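Remarks on the structure that follows.
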Amino acid sequence: MPKKKETIIVMSAHSDDFVIGAGGTIAEYIKQGKKVISIVFSYGEKSHPWLKEKVVQKFRIQETKDAAKALGCEVVLYDMKEGKFYEEYQKKNYEKEFLQLLKSQKPSKIFTHSNEDPHPDHKAVHKITLELFEKLKEKPELYIYSIWNPVSFRTQHPKLFVDITGSYKEKVKSLHAFPSQRYNAIYPLFILILFRAIRDGFKIKGSKFGESFYRIK
Ligand SMILES: [Zn+2]
């Protein structure tokens, strides 16, 4: 029987977080023959308040799938209400479903949001991931990525640098799956992403672009 592919799971509050935080790493793992599943808690129905919710849903789902496709990963989408992730998670008993997925996939690594991230949805995803982690018998390595905040840990977590020189273009392509103006070359978030990629790349010998994570468990 062929050996099971190594599987990595990326927890993502909104549909573009997994791309911003770990897109290059995801594309890199895919090139190494690994399987990556991104779990998106909400595809962000608040992002286009002038459109009818149904219309927004349809194109948000499509752009999230396109973004995942550009990286080569699978994506599982949930429709949790922004600002209410933790309440919904408890109320609708998502835990059972999430645990089932994690137990069947047996990931070697899980990536999730940082607990220092000021965004309440990102914080909720961090909390949920930790709760799920505690319930797993076979413990994966647990890493955090950052979106807006520069991670400034008081405690010394080991850092993981991933060379994404060969997959930075997939990350950019994936960001462009989101058709809003947010990812054009002069948008601050795009500049921040580029700056971080160069900064982290500088830390890896012979690499131009990188991504970095902290291992918290
Ligand atoms: Zn987000």
Side-chain angles (χ1 to χ4, degrees), residues 8-27 36-49 51 53 56-57 59-71 73-89 94 98 109-133 142-153 164 170-184 187-197 200 211-214 216:
I8 289 109
I9 292 199
V10 183
M11 303 291 231
S12 178
H14 310 106
S15 55
D16 50 2
D17 290 333
F18 69 97
V19 186
I20 300 168
T25 300
I26 293 171
V36 183
I37 305 170
S38 299
I39 297 178
V40 173
F41 283 57
S42 162
Y43 34 81
E45 84 277 10
K46 275 186 189 156
S47 60
H48 301 271
L51 290 175
E53 197 159 314
V56 176
Q57 272 189 6
F59 79 66
R60 293 294 287 187
I61 290 170
Q62 192 53 51
E63 69 191 35
T64 308
K65 285 182 177 167
D66 290 346
K69 201 174 149 199
L71 301 176
C73 70
E74 295 171 29
V75 64
V76 183
L77 281 160
Y78 290 94
D79 187 18
M80 296 194 202
K81 290 274 163 285
E82 287 173 276
K84 294 198 165 30
F85 283 4
Y86 196 70
E87 289 91 316
E88 287 222 344
Y89 176 76
Y94 278 114
F98 277 43
K109 293 182 176 71
I110 297 179
F111 291 84
T112 191
H113 286 278
S114 162
N115 47 325
E116 292 195 356
D117 196 309
H119 195 301
D121 289 343
H122 296 178
K123 270 194 197 313
V125 170
H126 178 87
K127 184 179 157 87
I128 290 167
T129 309
L130 248 86
E131 284 184 15
L132 290 165
F133 179 87
L142 186 57
Y143 295 89
I144 52 169
Y145 60 83
S146 54
I147 300 294
W148 290 104
N149 60 313
V151 181
S152 60
F153 281 98
I164 64 160
E170 278 90 346
K171 179 169 181 163
V172 173
K173 192 178 167 205
S174 180
L175 286 169
H176 286 149
F178 302 99
S180 55
Q181 292 304 304
R182 300 175 62 189
Y183 300 112
N184 72 39
Y187 189 77
L189 181 57
F190 198 88
I191 293 168
L192 180 66
I193 290 166
L194 178 66
F195 165 75
R196 276 195 195 142
D200 290 336
E211 278 174 349
S212 64
F213 308 93
Y214 284 94
I216 57 165

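Values in this document were obtained by computation on a predicted structure and should not be read as measured data. Each ligand, and each atom within it, is numbered from 1 in the order the structure gives.
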Hey, which N, O or S atom on Asp17 ends up closest to the Zn ion (ligand 1)?
OD2
Need the atom name: nearest N/O/S atom of His14 to the Zn ion (ligand 1).
ND1
Can an N, O or S atom be found in His122 less than 2.8 Å away from the Zn ion (ligand 1)?
yes
Can you confirm whether the side chains of Glu116 and Tyr214 place a donor and an acceptor under 3.5 Å from each other?
no
Any luck finding a side-chain donor-acceptor pair between Tyr43 and His14 under 3.5 Å?
no
Quick check: do Tyr145 and Thr25 have side-chain heavy atoms less than 4.5 Å from each other?
no
What distance separates Asp79 CG from Phe41 CZ, expressed to the nearest 0.5 Å?
13.0 Å
